[in-house]
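Here the structure is laid out as structure tokens; the discussion comes afterwards.
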2 protein chains.
Amino acid sequence: MVGDMDTELSIQQVAAVTQLSTHTLRYYERIGLLAAIERASSGHRRYSGQDIAWINFLTRLRATGMPIREMQQFAELRRQGDHSLAQRRQLLEIHQRHVQQQLDELNRNLEVIQDKIQHYRELEAQYDTNTLTGSKH
Amino acid sequence: MVGDMDTELSIQQVAAVTQLSTHTLRYYERIGLLAAIERASSGHRRYSGQDIAWINFLTRLRATGMPIREMQQFAELRRQGDHSLAQRRQLLEIHQRHVQQQLDELNRNLEVIQDKIQHYRELEAQYDTNTLTGSKH
DNA sequence: ATAAAACTTAGAGTGCGCTCTAAGTCAATA
DNA sequence: TATTGACTTAGAGCGCACTCTAAGTTTTAT
């Protein structure tokens with residue numbers, strides 16, 4: 001089962017497992033996020049297990065708000081091989097800090113929203129009481 | 001200091017305190033997020049303390065990914081007064097769940113990124129060793 | 001053999017949330 | 001009084017990340 005890494009998938013199959021559209025997969029290749037996917041003799045794309053793993057990681061970066069531009073830089077560094085390891089790590093460390101900031105902000109905002117919900121609950125209780133006792137109508 | 005709620009601010013002042021551009025403030029009013037800001041005799045906008053509080057809350061909703069469409073619904077409910085309290089609360093409760101999902105996903109993705117950083121650290125250490133011992137060049 | 005489906009490329013179109021421009025009115029200062 | 005600057009409106013334009021279309025070739029199924 002180790003050899004599964006060599007399984008080659010069609011664009012439709014990759015779309016199914018990555019949840020990206022075939023349009024998006026071609027788009028990612030075109031703008032250099034994927035760079036040179038292998039072709040079958042027919043010219044059709046054949047994705048390797050490594051390609052899938054890379055696409056999945058890209059998806060994590062996108063989901064955490066990394067702009068395409070930065071992902072392009074990251075992909076370019078990857079293409080340059082081992083001597084770019086430190087730069088790739090630094091890029092990810094910066095991004096990691098951004099994600100932590102997002103988390104902090106999201107947590108703060110969540111609290112405010114929860115406070116508001118609680119506030120509404122109290123207002124509702126009061127409003128219901130007024131309505132039931134017939135005051136003012 | 002309680003009377004500060006009645007202070008009326010110009011659009012520039014509101015832009016300064018809310019960190020929104022004057023363009024965005026007019027845009028929000030135009031699409032019904034703010035609805036009918038008072039005007040001075042000159043026709044210039046005059047924002048109340050309540051307006052500012054509302055804008056700040058809207059900003060929290062935006063920052064947590066609520067689409068403008070939904071904010072418009074929320075603003076509309078607010079305009080309808082007390083009898084929409086329960087609906088407003090429900091809308092916020094749904095949004096609250098979305099925010100919690102965002103937080104969960106962000107946390108999962110952060111972990112993957114951190115793992116990748118750690119992986120790079122290990123590869124770097126190995127690469128440096130190989131380089132120093134002159135193996136392979 | 002032929003039709004339907006899937007693939008290819010280049011490039012146009014879309015939806016979101018602003019962001020800016022144009023044309024004009026009003027207000028404050030030299 | 002003149003001019004600089006802030007304000008008004010309606011509507012066009014923009015950046016991002018896709019998403020789709022058109023035109024053509026290849027593969028698969030009947």
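Predicted model, so just to flag it, every value in this text is computed and none were measured. Residue numbers start from 1 in every chain, and the chains themselves are labelled A, B, ... in the order their sequence lines are given, proteins ahead of strands.
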Query raised in the report: Can you list every ring pair (Phe, Tyr, Trp, His ring centres under 6.0 Å) pair that touches residues 74-94 of chain B, not counting sequence neighbours?
Result: B/Trp54-B/Phe74
Report task. Output every pair passing ring pair (Phe, Tyr, Trp, His ring centres under 6.0 Å) with a member in residues 7-40 of chain B, not counting sequence neighbours, ordered by first then second residue. Result -> none
Report summary line: Sorted by chain and number, sequence neighbours left out, side chain to side chain donor-acceptor pair (under 3.5 Å) with B/Ser21 holds for B/Thr24
Query raised in the report: How would you list, by chain and number, every residue that makes a ring pair (Phe, Tyr, Trp, His ring centres under 6.0 Å) with B/Phe57, sequence neighbours excluded?
Result: none
**Report entry** Value in whole Å for how far the P atom of C/dT19 lies from CZ of B/Arg62
**Finding:** 10 Å
Report task. For residues 68-81 of chain A, pull every pair meeting side chain to side chain donor-acceptor pair (under 3.5 Å), keeping only residues two or more places apart or in separate chains. Result -> A/Glu76-A/Arg79, A/Glu76-A/Gln80
Query raised in the report: Quick one: salt bridge (charged side-chain N to carboxylate O under 4.0 Å, His left out) pairs with a partner in residues 101-121 of chain B, sequence neighbours left out?
Result: A/Glu93-B/Arg121
Requested in this report: Sorted by first residue and then second, give each salt bridge (charged side-chain N to carboxylate O under 4.0 Å, His left out) pair with at least one member in residues 34-56 of chain A; sequence neighbours left out.
Outcome: A/Glu29-A/Arg39, A/Glu29-A/Arg45
Query raised in the report: Mind checking whether B/Ile94 and B/Leu61 sit in one hydrophobic cluster, side chains of I, L, V, M, F, W, Y counted as touching below 4.5 Å?
Result: no
Query raised in the report: Does A/Gln12 put a side-chain nitrogen or oxygen below 4.0 Å from OP1 or OP2 of C/dA6?
Result: no
Listing, residues 11-19 of chain A side-chain donor-acceptor contacts under 3.5 Å, not counting sequence neighbours, or none:
{"residue": "A/Gln13", "atom": "OE1", "partner": "A/Ser10", "partner atom": "N", "Å": "2.8"}
{"residue": "A/Gln13", "atom": "OE1", "partner": "A/Ser10", "partner atom": "OG", "Å": "3.4"}
{"residue": "A/Thr18", "atom": "OG1", "partner": "A/Val14", "partner atom": "O", "Å": "2.7"}
{"residue": "A/Thr18", "atom": "OG1", "partner": "A/Leu20", "partner atom": "N", "Å": "3.3"}

Flag the pair [X] / [Y] as yes when at least one side-chain heavy-atom distance between them is below 4.5 Å, and no otherwise.
X        : Y        : answer
B/Tyr47  : B/Glu8   : no
B/Leu85  : B/Gln90  : no
B/Thr64  : A/Leu110 : no
B/Gln114 : B/Gln118 : no

Report task. Can you sort out which residues in residues 19-37 of chain A have a heavy atom within less than 4.0 Å of DNA chain D? Ascending by number, please. Result -> A/His23, A/Thr24, A/Tyr27, A/Tyr28
Requested in this report: For A/Arg39, report the nucleic acid contact type (base, sugar-phosphate, nothing); a contact means any heavy atom under 4.0 Å.
Outcome: sugar-phosphate
Filtered N/O pairs between nucleotides 1-3 of chain C and protein, under 3.5 Å:
none

Report summary line: Note: contacts of residues 66-74 of chain B with DNA chain C (heavy atom, under 4.0 Å) are B/Pro67, B/Ile68
Query raised in the report: First and last nucleotide of DNA chain D touching chain B, 5' to 3', heavy-atom cut-off 4.0 Å?
Result: D/dC7 to D/dG11
